[in-house]
Amino acid sequence: MSNTSKELAKYINAAKDYDIYNEKIEKLQKLIKDNKYFIDSEEIAKSIINELKERENI
């Protein structure tokens, strides 16, 4: 595979990732608009605690 082909493949993959990212944002926006998006405060607290624990071990 030539350098040009590799570079082109990289940009094609980035564009696909961008499309997936936009789809996720659109789904979240719809859930929020429809009042169907709920934040699980317990999961957030667990994530914060885990992150702090990981930082202590660095």
Check the pair Glu23, Lys27 against salt bridge (charged side-chain N to carboxylate O under 4.0 Å, His left out), reporting the backbone distance first and the verdict last. CA-CA 6 Å; Glu23 288 175 20; Lys27 286 178 184 177; 5.2 Å; no
Nearest 0.5 Å, what's the [atom1]-[atom2] distance between [X] and [Y]?
X	Y	atom1	atom2	result
Glu43	Asn50	CD	CG	9.5 Å
Ile32	Ile39	CD1	CD1	8.0 Å
Glu51	Ile48	CD	CD1	9.5 Å
Gln29	Asn22	CD	CG	9.0 Å

When you look at CD of Glu42, are more than 12 heavy atoms from neighbouring residues, nucleotides or ligands closer to it than 6.0 Å?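 Open.
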Decide whether Ile44 and Leu28 are clustered together by the hydrophobic rule: side chain heavy atoms of Ile, Leu, Val, Met, Phe, Trp, Tyr closer than 4.5 Å, transitively.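 Yes, it is one cluster - the side chains of Ile44 and Leu28 are joined through contacts under 4.5 Å.
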Evaluate the criterion salt bridge (charged side-chain N to carboxylate O under 4.0 Å, His left out) for residue pair Glu7 and Lys10; output intermediate values, then yes/no. CA-CA 5 Å; Glu7 193 72 17; Lys10 182 174 88 172; 3.5 Å; yes
